[in-house]
Asks: 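My questions all concern the structure below.
Nothing fancy with the numbering, it's 1 onward along the sequence.
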Amino acid sequence: MAVQIGGSVHNFSDPTGFLSDCHRRIEMFMDVLEAVANDIDRPLTPDSKRALEVAMRYFRESAPKHNADEEESLFPRMRRVPHSEIQCALAKLDELEGQHRWAAPLHAEVERVGQICLAGENPSQTEVESFRNAVSELAAMYREHIRVEDEIVFPAAGRFLPKADKSAIGQEMAGRRNVTVRKP
C-alpha cells in the first residue's frame, strides 16, 4: 500500500484552490486509514505500516494547519463580506468549525491504536473495533464536510472575497507552513 503525496495544483495565490487541494490529500489519507482498518486485526505488512505512518503524520501535522487556514484566515474574512449570495456559505461555517473539534478525539484514537500497530504489537479486539469506528465516523464526516466546503464555501469565497483578502489569506497560509511568498 504505497502512498505518494502529489503536488498541489494551486498555490498560495489561490487560497481556496489550495485548500481544495488539501481536501484531495485528506481523501487520500482517509482511504489509507480505511484500508488499514480492514486489516488491523492481523499484523500489518511493511507497506501498510508505512502508509499508516504517513497518513497519521498528515492528520497530526498538516490537517491542523488546514483547519487554522479556514478558522483563522478564511472564515473570519467571509463573515465580514456583506453580500447576500455569501449568506448560504456563512450559515455553514459554525457547523464546519464544530466538525473540526468533533474530529479531534477520533483522530486521537486513530493515533493511539495506530501507534500500537506501528510498534509491531497487536491491538486488542476492543482497540480494533475502536479504530474501525473512529475511521468510519471520520470518513463519513469528511465526505460531507469536504462537499460543503468545495461546493458552497470555497466558490463563494472565491467570488466575493476582495483580492486583498485573498492575498492576505495566502500569506497567512504560507506562514503556517514556513514558506516565504512574495506579495504581488
Asks: Identify the heavy atoms of P76 and E70 that sit nearest to each other, and give their distance.
Replies: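 The pair with the smallest heavy-atom distance is CD-O, 3.8 Å.
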Asks: So how far is it from D14 CG to S167 OG, rounded to the nearest 0.5 Å?
Replies: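 Between atom CG of D14 and atom OG of S167 there are 12.0 Å.
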Asks: Before accepting this row, confirm whether a basic side-chain N of the pair K65/E172 lies closer than 4.0 Å to the acidic partner's carboxylate O.
Replies: no
Asks: Would you name the heavy atoms of S48 and V36 that are closest together and state the gap between them?
Replies: O-CG2, 4.2 Å
Asks: Do H23 and F154 have their ring centres less than 6.0 Å from each other?
Replies: yes
Asks: Could you check F160 against M78 for side-chain contact (heavy atoms from CB on, under 4.5 Å), going step by step and ending with a plain yes or no?
Replies: CA-CA 8 Å; F160 301 114; M78 288 181 72; over 6 Å; no
Asks: Tell me, with the steps shown, if E144 and K92 meet salt bridge (charged side-chain N to carboxylate O under 4.0 Å, His left out).
Replies: CA-CA 12 Å; E144 180 61 14; K92 302 288 186 182; 6.0 Å; no
Asks: I want to check something: taking the side chain as every heavy atom from C-beta on, are R112 and E127 in contact at a cut-off of under 4.5 Å?
Replies: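 Of all side-chain heavy-atom pairs linking E127 with R112, at least one is under 4.5 Å.
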Asks: Which heavy atom of R42 sits nearest to which heavy atom of N38, and what is that distance?
Replies: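 Smallest heavy-atom distance, with atoms named: NH2-O, 4.1 Å.
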Asks: Less than 4.5 Å apart, side chain to side chain, heavy atoms only: is that true for Y58 and C22?
Replies: yes
Asks: So, do V81 and R77 sit near enough that their side-chain heavy atoms are less than 4.5 Å apart?
Replies: no
Asks: One pair to check against side-chain contact (heavy atoms from CB on, under 4.5 Å): Q171 and F12. What are the steps and the verdict?
Replies: CA-CA 7 Å; Q171 290 289 326; F12 296 114; over 6 Å; no
Asks: Any idea which heavy atoms bring P123 and I40 closest together, and the distance?
Replies: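 Of all heavy-atom pairs spanning P123 and I40, the closest is CG-O, 3.8 Å.
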Asks: Yes or no on side-chain contact (heavy atoms from CB on, under 4.5 Å) for R159 and I86, after CA distance, side-chain angles and deciding distance?
Replies: CA-CA 9 Å; R159 284 193 306 275; I86 211 165; over 6 Å; no
Asks: Cluster question for you: counting only ILVMFWY and a side-chain heavy-atom cut-off of under 4.5 Å, with indirect links fine, are Y142 and L52 together?
Replies: yes
Asks: Answer yes or no: is there an ion pair linking E34 with R132, defined by an N-O contact shorter than 4.0 Å?
Replies: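 No, E34 and R132 are not salt-bridged.
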Asks: Could you walk me through whether S13 and N11 satisfy the side-chain hydrogen bond (donor to acceptor under 3.5 Å, both in side chains) test, starting with their C-alpha distance in whole Å, then the side-chain angles of each, then the deciding distance to 0.1 Å, before giving a yes or no?
Replies: CA-CA 5 Å; S13 66; N11 58 37; 2.4 Å; yes
Asks: Taking the basic N atoms (NZ, or NE/NH1/NH2) and the acidic carboxylate oxygens, is any pair closer than 4.0 Å for R50 and E53?
Replies: no
Asks: Locate the shortest heavy-atom distance separating I146 from R24; write the atom from each residue and the value.
Replies: CG2-NH2, 3.4 Å
Asks: Should E71 and R101 count as side-chain neighbours, where that means a heavy-atom distance under 4.5 Å?
Replies: yes
Asks: Find the distance between OG1 (T16) and CG (D69) and round it off to the nearest 0.5 Å.
Replies: 11.5 Å
Asks: Between I26 and F59, which heavy-atom pair has the shortest distance, and what is it?
Replies: O-CZ, 3.9 Å
Asks: Ring-plane angle category for F75 and H100, please: parallel below 30°, perpendicular beyond 60°, tilted otherwise.
Replies: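 Rings of F75 and H100: parallel, as their planes differ by under 30°.
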Asks: Please examine the side chains of L96 and V153, heavy atoms only from C-beta on, and report whether any two atoms are closer than 4.5 Å.
Replies: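 A side-chain contact under 4.5 Å exists here.
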Asks: In terms of side-chain geometry, is the basic nitrogen of R143 or E27 positioned less than 4.0 Å from the acidic oxygen of its partner?
Replies: no
Asks: Are M56 and I116 in one and the same hydrophobic cluster, where Ile, Leu, Val, Met, Phe, Trp and Tyr link if side-chain heavy atoms are under 4.5 Å apart?
Replies: no
Asks: For a side-chain hydrogen bond (donor to acceptor under 3.5 Å, both in side chains) check, start with the C-alpha distance between E111 and H107, then their side-chain angles and the critical distance, and finish with the verdict.
Replies: CA-CA 6 Å; E111 178 78 19; H107 280 295; over 6 Å; no
Asks: Quick one: pull up CE in M173 and NE2 in H66 and give me the separation to the nearest 0.5 Å.
Replies: 8.0 Å
Asks: Is it the case that the side chain of K166 and the backbone of P15 share a donor-acceptor pair, with hydrogens and angles ignored and the cut-off at 3.5 Å?
Replies: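 No; judged by distance alone, with no hydrogens or angles, the pair does not exist.
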Asks: Please step through side-chain hydrogen bond (donor to acceptor under 3.5 Å, both in side chains) for the pair S73 and R176, ending with a clear verdict.
Replies: CA-CA 11 Å; S73 297; R176 283 185 193 94; 2.9 Å; yes
Asks: Rounded to the nearest 0.5 Å, what's the gap from CG on L33 to CE on M28? Could you check?
Replies: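 Here the interatomic distance stands at 10.5 Å.
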Asks: So, do F29 and V54 sit near enough that their side-chain heavy atoms are less than 4.5 Å apart?
Replies: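 The answer is yes; the side chains approach within 4.5 Å.
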Asks: Before giving the answer on side-chain hydrogen bond (donor to acceptor under 3.5 Å, both in side chains), spell out for T126 and E129 the whole-Å C-alpha distance, their side-chain angles and the decisive distance to 0.1 Å.
Replies: CA-CA 5 Å; T126 301; E129 290 307 314; over 6 Å; no
Asks: So how far is it from C117 SG to K49 NZ, rounded to the nearest 0.5 Å?
Replies: 8.5 Å
Asks: Output yes when E97 and R79 qualify as a salt bridge under the 4.0 Å nitrogen-oxygen rule, no when they do not.
Replies: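 Here E97 pairs with R79 in a salt bridge, since their nearest N and O are under 4.0 Å apart.
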Asks: Would you find a donor on one side and an acceptor on the other, under 3.5 Å apart, between the side chain of D165 and the backbone of L161?
Replies: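 A pair under 3.5 Å: no.
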Asks: First locate atom CG of N133, then atom CG of L106, and finally report the distance between them rounded to the nearest 0.5 Å.
Replies: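 That separation rounds to 9.5 Å.
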